[in-house]
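Below, read A as the first sequence line, B as the second, and so on, with proteins coming before strands; counting in each chain starts at 1.
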There are 2 protein chains.
Amino acid sequence: MDIMSEPSINMPCVNISAVERDTGLSKDILRAWERRYGFPKPSRDSNGERVYPADQLEKLRVIRRLIDSGLRPGNVVSEPLDALQARMQALPSRAPRTEGEFTVADDALRLLKSHQLTALRQLLSQSLMRLGLQQFVLDVVAPLNELIGNAWVEGRIEIFEEHLYAEQLQQLLQHAIGTMSDAGPGPRILLTTLPGEQHKLGLLMAEACLCIEGAQCISLGVQTPVWDIVQAARAHRADIVALSYSQVTPLNVVCANLADLRGQLDADVELWCGGSLWGNARKTVPGVNTMAALAEIPAALETWRRHHAACRAVQ
Amino acid sequence: MDIMSEPSINMPCVNISAVERDTGLSKDILRAWERRYGFPKPSRDSNGERVYPADQLEKLRVIRRLIDSGLRPGNVVSEPLDALQARMQALPSRAPRTEGEFTVADDALRLLKSHQLTALRQLLSQSLMRLGLQQFVLDVVAPLNELIGNAWVEGRIEIFEEHLYAEQLQQLLQHAIGTMSDAGPGPRILLTTLPGEQHKLGLLMAEACLCIEGAQCISLGVQTPVWDIVQAARAHRADIVALSYSQVTPLNVVCANLADLRGQLDADVELWCGGSLWGNARKTVPGVNTMAALAEIPAALETWRRHHAACRAVQ
DNA sequence: ATCACATCTTGTCCAAGACAAATAGTCATA
DNA sequence: TATGACTATTTGTCTTGGACAAGATGTGAT
């Protein structure tokens with residue numbers, strides 16, 4: 001359906017800012033790679049400014065994911081696309097997924113790709129009802145997310161399909177969370193993401209797991225500046241600030257942001273940060289509770305409650 | 001720790017990345033202002049890199065707010081802090097609003113500012129139930145949006161409060177839309193915003209008005225690239241693509257994007273674009289149906305249906 | 001008043017260089 | 001075979017100073 005190898009007959013092109021937005025690679029990095037490795041090699045517009053064709057953008061996304069999984073730029077940036085895709089296949093797939101329990105996720109992906117939107121919504125909704133919110137999030141949404149992510153970098157689904165998927169799931173989760181929000185003796189938790197992180201789904205999944213355990217969740221949505229998180233935490237007397245990250249932000253940046261936020265937050269407010277990027281991270285930030293998986297949430301909450309009860313007793 | 005010469009003994013200092021993060025001003029802008037206006041004037045570390053003291057960061061935030069409310073950098077960046085704060089006070093309040101019909105919006109703003117979240121949610125929810133979705137959107141949400149926008153540029157509410165407000169309303173609207181989505185003989189309408197436009201609320205308000213009139217809405221969420229909108233419209237055989245814009249994007253950019261999208265969309269797909277920025281716009285784009293207010297939606301749908309019925313009859 | 005035209009403003013991009021932190025490679029020692 | 005120390009390379013980020021186009025403002029004529 002879409003376009004072929006010839007650049008620029010009808011291929012959509014974008015400038016360096018758009019590439020930075022779409023790939024999470026900074027302008028500096030894009031220019032440095034071009035200088036050092038010869039890729040990306042954008043054409044130039046009449047003003048001498050870089051114009052990236054869609055296929056290079058596509059390749060950059062693959063590269064991004066390979067680097068996130070541990071490879072180094074010098075080894076992958078200059079390789080041709082098919083070699084990279086071969087490497088993608090060879091990556092140790094963290095999700096074993098040979099068992100029969102994730103078939104819902106598979107079915108959902110199939111429905112998404114065949115554009116059967118109402119059927120998709122029905123399937124997800126039914127699955128939610130059958131499993132309950134917690135199990136639904138852990139056993140369906142999380143693997144489905146990974147499935148979608150992989151399908152996307154391998155070019156098997158389009159961006160608009162991912163948008164559509166995220167939209168459906170957001171609705172479903174938000175509704176489910178809304179129906180039980182008002183309970184909870186648990187800690188007051190402020191949820192958001194930092195600027196640059198646009199993915200709301202991870203946030204909602206966390207919120208679901210937290211609400212189920214009786215926490216009082218206050219969600220600011222995505223992309224709240226550090227300073228405003230600090231203010232919000234004070235205004236709402238939050239016990240915990242919980243952030244979510246997908247893979248698009250480089251680990252260094254994430255750690256810097258977290259350290260910054262940790263420094264500005266009042267000391268008695270805990271800072272939790274979740275996201276799949278902590279799976280193979282060796283780095284940690286002092287004073288920040290990082291979680292690689294949603295399944296860690298209940299234990300963390302339990303710990304907080306015990307500790308908090310003890311503190312109260314002492315006072 | 002590693003404090004420097006002049007500014008202060010214990011003032012925390014940050015590098016240029018942190019300033020970008022906290023103020024939303026890009027590194028390029030920070031360097032350009034320093035070159036042109038002499039502010040900010042960071043000290044340098046041992047490696048010659050910029051180190052910004054906290055008071056300059058604070059002033060940058062004030063400047064940011066003044067610029068967002070219409071002032072120009074050349075006039076404010078080099079002024080002293082107290083002059084800037086005087087200007088903040090002197091900002092004209094754009095909202096006349098003397099009538100008594102928007103009291104719900106006023107109450108909502110009050111609750112938001114006093115951080116009574118559950119009360120706010122209750123108020124909005126009750127209001128929705130009482131008025132019905134359409135009237136709620138037109139008579140409460142729209143004026144409340146304007147109220148919030150004004151309060152923000154005047155510095156009466158914080159960014160995090162605006163986030164919180166948007167989040168509550170999004171949940172409410174999304175839920176309301178979800179409970180009636182599956183009906184409708186009407187046109188298939190693809191809803192989204194273009195990259196750069198992050199406001200989902202406008203989109204949801206439009207979706208609500210469209211759904212009520214029996215249209216089949218397919219929402220892609222925010223920030224879908226042009227190329228993907230085209231693909232999505234084909235995949236889902238949309239009759240209409242509807243976009244939403246708030247005021248933050250310059251009109252020229254909007255028009256250019258619209259023309260681009262219009263050129264790539266199949267000719268038999270209509271393109272609608274709504275948003276308050278069309279209120280005083282003299283510019284139009286050929287082939288694009290622009291609407292300044294949500295109230296225009298029913299008539300537009302009626303027109304489409306009549307025209308479409310006629311076309312069918314001809315075939 | 002309204003429009004067209006000239007003039008400033010201002011955000012963004014570019015090039016090429018520099019440097020430190022992170023990573024990989026090497027070699028000797030327990 | 002591990003482990004640790006040391007060196008070399010890789011890589012992200014910051015620097016300067018210049019350039020340009022789109023937006024905003026001012027000016028003059030209709």
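- Between A:F160 and B:L220, the shortest heavy-atom contact is O-CD2, 3.7 Å.
- Under 4.0 angstrom from either OP1 or OP2 of C:dC14 there lies at least one side-chain N or O belonging to A:R50.
- In terms of position along DNA chain C, the nucleotide closest to B:S26 lies nearer the 5' end than the nucleotide closest to the other residue of the pair B:S26 and A:R44.
- A straight line from CG of B:D45 to C1' of C:dC19 spans 11 Å, rounded to a whole angstrom.
- The CG atom of B:D28 sits 15 Å away from the P atom of D:dT13 (whole-angstrom rounding).
- For the pair A:R31 and B:N47, both in contact range of DNA chain C, the more 5′-proximal nearest nucleotide belongs to A:R31.
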Which side-chain N or O atoms in residues 28-38 of chain B pair as donor and acceptor under 3.5 Å with protein atoms at least two apart or in another chain?
unit_1	atom_1	unit_2	atom_2	d
B:E34	OE1	B:R50	NE	2.7

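- The CD1 atom of A:I29 sits 11 Å away from the P atom of D:dT11 (whole-angstrom rounding).
- In this structure, A:I16 atom CD1 and C:dA15 atom C1' are separated by 12 Å, rounded to whole Å.
- Here the C1' atom of nucleotide D:dT25 and the CG atom of B:N75 are 11 Å apart, to the nearest Å.
- Rounding to the nearest 0.5 Å places CG of A:L203 at 13.0 Å from CD of A:Q198.
- Using a 4.0 Å cut-off, no side-chain N or O of A:K27 falls inside it from OP1 or OP2 of C:dT12.
- Put simply, the side chain of B:F39 does not reach to within 4.5 Å of the side chain of B:E79, judged on heavy atoms.
- Taking atom CG of residue B:L25 and atom C1' of nucleotide C:dT12, one finds them 14 Å apart after rounding to whole Å.
- Checked against C:dT12, C:dC13, C:dA18, the side chain of A:S17 finds its nearest nucleotide in C:dC13.
- Using a 4.0 Å cut-off, some side-chain N or O of A:Y37 falls inside it from OP1 or OP2 of D:dT11.
- Comparing D:dC14, D:dG12, C:dT12 against the side chain of B:A32 picks out C:dT12 as the nearest.
- Inspection of the A:D260 and A:Q264 side chains reveals an N or O donor paired with an N or O acceptor under 3.5 Å.
- Nearest-nucleotide assignment on DNA chain D puts the 5′-proximal partner with B:E49, out of B:E49 and B:R35.
- Straight-line distance from the CD1 atom of B:I63 to the P atom of C:dT10: 12 Å, rounded to whole Å.
- Spacing between atom CZ of B:R72 and atom C1' of C:dC8 amounts to 8 Å, rounded to whole angstrom units.
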